[in-house]
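This report refers to the structure that appears directly beneath it.
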Amino acid sequence: MTHLFTKTAISLVTTTTLALAIAITTNNLAHAAEFNFNWKGDTGYSAKGSFNYDTTTAPSVISETGLGATKNLQSLSISFFDPLSNLINSFTPVLNSVSNYGFLRFNFDIGIIFDF
């Protein structure tokens, strides 16, 4: 059951959380953008993570799916927590521009970056 929750959560979080950019920060180093994100669901479950891409080659919308070499995403790491903030699990679905998860669905609109 936890494995099913984890698969669903990764898909949901990478699709909606990143698109909504609830809490996002940026660091530009050598034409790379790194984003840190936090998400908290209605029932108290939460996720924290980060991803990065090369700003010189990325299109305005980054979209990645499935296993294998990614087009633009260089890394993606995410951790899931229960309502008491206990770690459920951590994953690195993308490392060195390679996706290790067949169920990966990642979408990010570079044009939707909030200045706080």
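Computed from a prediction, not measured in an experiment: that's the story for all the values here. Note that these values count all heavy atoms, side chains included, but never hydrogens, waters or copies made by symmetry. Numbering starts at 1 and runs along the sequence shown.
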- [ ] Answer whether the closest heavy-atom distance between the side chains of Phe91 and Ser77 falls below 4.5 Å.
- [x] no
Open item on the list: To check you understand the geometry: which heavy-atom pair defines the closest contact between Leu67 and Tyr101, and what is its length?
Closed with: CD2-N, 3.4 Å
Task: Contact summary for Asn72 and Glu64, nearest pair of heavy atoms - done: N-OE2, 2.7 Å
Open item on the list: Can a donor-acceptor pair be found, under 3.5 Å and without considering hydrogens, that links the side chain of Lys71 to the backbone of Ser63?
Closed with: yes
Open item on the list: Once rounded to the nearest 0.5 Å, what's the spacing between atom CD1 of Ile78 and atom NZ of Lys48?
Closed with: 12.0 Å
TODO: Output yes when a side-chain donor or acceptor of Thr70 lies under 3.5 Å from a complementary backbone atom of Leu73, and no otherwise.
DONE: yes
Open item on the list: Hydrophobic cluster membership, with links at side-chain heavy-atom distances under 4.5 Å among I/L/V/M/F/W/Y: are Trp39 and Phe81 in one?
Closed with: no
TODO: Kindly assign one of parallel, tilted or perpendicular to the pair Tyr53 and Phe108, based on the angle between their ring planes and the thresholds 30° and 60°.
DONE: tilted
Open item on the list: Minimum heavy-atom separation for Val94 and Leu104, please, with both atom names.
Closed with: CG2-CD2, 3.8 Å
- [ ] Return yes if some donor-acceptor pair links the side-chain N/O of Asp82 with the main-chain N/O of Leu84 below 3.5 Å, else return no.
- [x] yes
- [ ] Take the angle between the ring planes of Phe37 and Phe51 and call it parallel below 30°, perpendicular above 60°, tilted in between.
- [x] tilted
TODO: Please round to the nearest 0.5 Å and tell me the distance separating atom CG of Leu76 and atom OG of Ser50.
DONE: 7.5 Å
